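Below: the structure, in structure tokens.
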Amino acid sequence: MKKLRKKIIAGNWKMNKSTAEAQALAQEIVKELAGCSEADVVLCPPFTALKVVGDVISQTSIKLGAQNMHWEGEGAFTGEISASMLRDLYCWYVILGHSERRTCFGETDDHVNRKVKAALAATLLPIVCVGETLKEREAGQTEAVVKRQLEGGLAGLGAGELAKVVVAYEPVWAIGTGRTATPEQAQEVHAFIRKVLAGLASEEAAQTVRIQYGGSMKPANARDLLTQPDIDGGLIGGASLDARLFVEIVRQAM
Ligand code: PGA
């Protein structure tokens, strides 16, 4: 039996926006969505804008998220930031293992796994990104790649911990390319992801986990994706930088 999962739409602002621009964007989003309770809304600005955006959304149902963190709690890790530092700024979520982190910064499934554990230990909710490249898809390796990323990234979690994780399926070929997976293509992988999660923990935990789709999600394609049985939300890059587009996608999730 499929349990009800509340949709979750997160904006991944990546390395964009000054503090003033971030504040203005958050204010525009708040104006439209402050009382929104039908879907969970998360804003993930760059580290430098977490404080200003956190202040703008503090009295609303919108939650703050970060885009990365280190697995250690503190110490000599120049340029890094810890889970407790993110909690200190009232972050609820943290995106982990984004394909840009994996490709540009050499993150491995083991790194992701350490980060997931550190995040959960600090009561931060991880949004764990998985997804295949075009070459892998064309070679028929989509399921093998996604399975390896899930089993590696989520290794050692109990069912209770796993149930707190959000998974984002982001086919690398769809990120920032304007080329979206069809709802059928996405649903097929989402259902597969849920099957892998059930194998990792339990069917019950797998039914609780929210699985977002990410990769060129826009108002025009959001509804068809979000009405698929195993698609529980979206991780939005480009369109999250425009308040009107982002708000429109959230409305499609309601
Ligand atoms: P996109 O990015 O919406 O610009 O494709 C999604 C992501 O990278 O999270």
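Remember, it's 1-based here, ligands and their atoms both numbered in the order they're listed. Keep in mind that this is a model prediction, so the values were computed, not measured.
Using a 4.0 Å heavy-atom cutoff, Gly176 is listed among the residues neighbouring ligand 1. By the 4.0 Å heavy-atom criterion, Gly214 is excluded from the residues contacting ligand 1. In this structure, Ala168 does not count as a contact residue of ligand 1, since none of its heavy atoms falls inside 4.0 Å of the ligand. For His98, the closest heavy-atom approach to ligand 1 falls below 4.0 Å.
Among all non-hydrogen protein atoms, the one lying nearest atom 9 (O) of ligand 1 is Glu170 OE2, 2.7 Å. In terms of protein heavy-atom proximity, atom 3 (O) of ligand 1 is closest to Gly237 N, 2.8 Å.
Atoms of ligand 1 lying under 4.0 Å from at least one heavy atom of Gly215, given by number and element, are 5 (O). For ligand 1 and Ile175, the ligand atoms under 4.0 Å from any heavy atom of the residue are 2 (O), 5 (O), 8 (O). In summary, the atoms of ligand 1 found under 4.0 Å from a heavy atom of Gly238, numbered by their order in the structure, are 1 (P), 3 (O), 4 (O). For ligand 1, the atoms lying closer than 4.0 Å to a non-hydrogen atom of Ala174 are 5 (O).
Within the 4.0 Å heavy-atom criterion, the part of Asn12 lying near ligand 1 is the side chain and not the backbone. By the criterion of a heavy-atom distance under 4.0 Å, neither the backbone nor the side chain of Ser240 is placed next to ligand 1.
Within 6.0 Å of NZ in Lys14 there are more than 12 heavy atoms belonging to other residues, nucleotides or ligands. Taking a 6.0 Å sphere around NZ of Lys147, one finds it holds 12 or fewer heavy atoms contributed by other residues, nucleotides or ligands.
Taking the salt bridge (Lys or Arg N to Asp or Glu O under 4.0 Å) definition, one finds that Glu32 meets it with Arg251, sequence neighbours left out. Every residue meeting the salt bridge (Lys or Arg N to Asp or Glu O under 4.0 Å) condition with Arg114, not counting sequence neighbours, appears here in chain and number order: Asp110.
For the residue pair Glu132/Tyr169, the side-chain donor-acceptor check at 3.5 Å is satisfied. In this model, no donor atom of one side chain and acceptor atom of the other lie less than 3.5 Å apart for Ser216 and Arg179.
Atom CG of Leu226 and atom CD1 of Ile9 lie 5.0 Å apart (nearest 0.5 Å).
Taking all atoms of both residues into account, the shortest heavy-atom contact from Gly153 to Asn113 is O-ND2, 2.9 Å.
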